[in-house]
Amino acid sequence: MTAAITLAVVDDHPLFREGVIRSLTEMDGFSIVGEGSSKEDALRIAVQQRPDILLLDISMPGGGLDALSLILDQIPDQKIVMLTVSEASDDVMTALKSGAKGYVLKGVGSRTLADILRGIAAGDSYVAPTLSARLISENGTDSRANPFSALTDREREVLELASAGLSNKHIGLKLDLHEKTIKHHMTQIFAKLEVSNRTEAAMAFRDELERRRQ
């Protein structure tokens, strides 16, 4: 039996924090090992509990982004996910450059959040698709000229398999990931490549391969 993914949630809104904890503990495969409401709580929990994934709000006492940097200075391999209402590009870029493995908006559903966390525990990264598309458009001419440079290694792997005709289910089986996690990767890919379906994504992928051969 696979060991449960250990989580800690740090958010200064008790009702939201309790809701996240309750929804995740009701699902198989997760164990909550800590909760708090401030930067100091986040640092203490990271050092003492060493959760597999630490969920941090940005706008909490002491600042979630400051907590992120402090924690990763002491525990470089700690996986941290920002769970926030902030859609500010500066916050997203600061979080990712500082080492966050995920940037999730608070409107996400509990099952979607669970799939995101399973993917991150397995080594993936995640940025809310609407924010990914915005970052690409703001990232200068190089990213616009070649959006493939914005894909993560896992997204490239998923896109290659999708382009070969594999379904989300079969990609998940091949990569040992949940089908819903593959769906999230595909959503990220569509946003980054500015396409609307698998066929367009596959065509863009083949065009990119052809461009590299020239």
Side-chain angles (χ1 to χ4, degrees), residues 5 7-13 16-17 19-21 23-24 30 36-39 42-43 45-46 51-60 62-73 75-140 143 147 149-156 158 177-178 180-194:
I5 298 168
L7 304 171
V9 183
V10 182
D11 190 295
D12 64 333
H13 291 86
F16 177 80
R17 184 176 72 241
V20 170
I21 290 172
S23 63
L24 291 174
F30 296 102
S37 61
S38 67
K39 177 179 74 174
L43 185 57
I45 290 168
D52 294 325
I53 301 174
L54 177 60
L55 281 74
L56 294 182
D57 186 22
I58 284 182
S59 57
M60 62 182 184
L65 294 174
D66 287 341
L68 168 67
S69 298
L70 282 172
I71 291 166
L72 292 180
D73 281 345
I75 313 171
D77 61 349
Q78 174 66 63
K79 292 177 179 175
I80 298 177
V81 173
M82 310 311 293
L83 181 57
T84 177
V85 297
S86 175
E87 298 186 32
S89 297
D90 286 348
D91 285 343
V92 183
M93 290 304 298
T94 298
L96 298 179
K97 287 179 179 178
S98 296
K101 297 297 184 183
Y103 197 99
V104 184
L105 296 177
K106 282 188 174 180
V108 71
S110 57
R111 292 188 179 279
T112 300
L113 176 60
D115 282 326
I116 292 168
L117 295 177
R118 290 186 187 104
I120 288 172
D124 298 336
S125 58
Y126 179 90
V127 178
T130 54
L131 301 181
S132 293
R134 186 190 306 166
L135 289 176
I136 292 168
S137 69
E138 295 175 354
N139 249 355
S143 293
S149 64
L151 297 179
T152 66
D153 290 343
R154 178 66 85 184
E155 287 164 357
R156 288 173 182 271
V158 169
L177 295 172
H178 286 263
K180 286 186 177 180
T181 301
I182 302 301
K183 288 181 181 178
H184 289 305
H185 283 310
M186 292 302 300
T187 300
Q188 294 268 79
I189 291 166
F190 293 167
K192 290 180 179 180
L193 300 186
E194 298 183 359

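Residue numbers count from 1 along this sequence.
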Report yes if the side chains of [X] and [Y] come closer than 4.5 Å at any heavy-atom pair, otherwise no.
{"X": "K180", "Y": "T112", "value": "no"}
{"X": "P51", "Y": "Q78", "value": "yes"}
{"X": "D57", "Y": "R17", "value": "no"}
{"X": "Y103", "Y": "T84", "value": "yes"}
{"X": "K79", "Y": "I5", "value": "no"}
{"X": "V127", "Y": "V92", "value": "yes"}
{"X": "H184", "Y": "D124", "value": "no"}

Once you round to the nearest 0.5 Å, how far does [atom1] of [X] lie from [atom2] of [Y]?
{"X": "S69", "Y": "K39", "atom1": "OG", "atom2": "NZ", "value": "10.0 Å"}
{"X": "H185", "Y": "L151", "atom1": "NE2", "atom2": "CG", "value": "11.5 Å"}
{"X": "I58", "Y": "S86", "atom1": "CD1", "atom2": "OG", "value": "4.5 Å"}
{"X": "I189", "Y": "I182", "atom1": "CD1", "atom2": "CD1", "value": "8.5 Å"}
{"X": "M186", "Y": "T181", "atom1": "CE", "atom2": "OG1", "value": "13.5 Å"}
{"X": "L68", "Y": "I80", "atom1": "CG", "atom2": "CD1", "value": "4.5 Å"}

Sole candidate of V20, L56, I116 that passes side chain to side chain contact (heavy atoms under 4.5 Å, CB included) when paired with L83: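 Checked V20, L56, I116 against L83; only one passes side chain to side chain contact (heavy atoms under 4.5 Å, CB included): V20.
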
Minimum-distance pair of heavy atoms, taken over all atoms of [X] and [Y]:
{"X": "V10", "Y": "S37", "answer": "CG1-N, 3.8 Å"}
{"X": "M82", "Y": "A100", "answer": "CG-CB, 4.1 Å"}
{"X": "I45", "Y": "A8", "answer": "CG2-CB, 3.5 Å"}
{"X": "A42", "Y": "L54", "answer": "O-CD2, 4.1 Å"}
{"X": "I71", "Y": "A46", "answer": "CG2-CB, 3.7 Å"}

Derivation and outcome, side-chain contact (heavy atoms from CB on, under 4.5 Å), residues K192 and T152: CA-CA 10 Å; K192 290 180 179 180; T152 66; 4.1 Å; yes

Could you walk me through whether L177 and R154 pass the side-chain contact (heavy atoms from CB on, under 4.5 Å) check? CA-CA 11 Å; L177 295 172; R154 178 66 85 184; 3.8 Å; yes

L55/L117 under side-chain contact (heavy atoms from CB on, under 4.5 Å): CA gap, chis, key distance, verdict: CA-CA 10 Å; L55 281 74; L117 295 177; 4.1 Å; yes

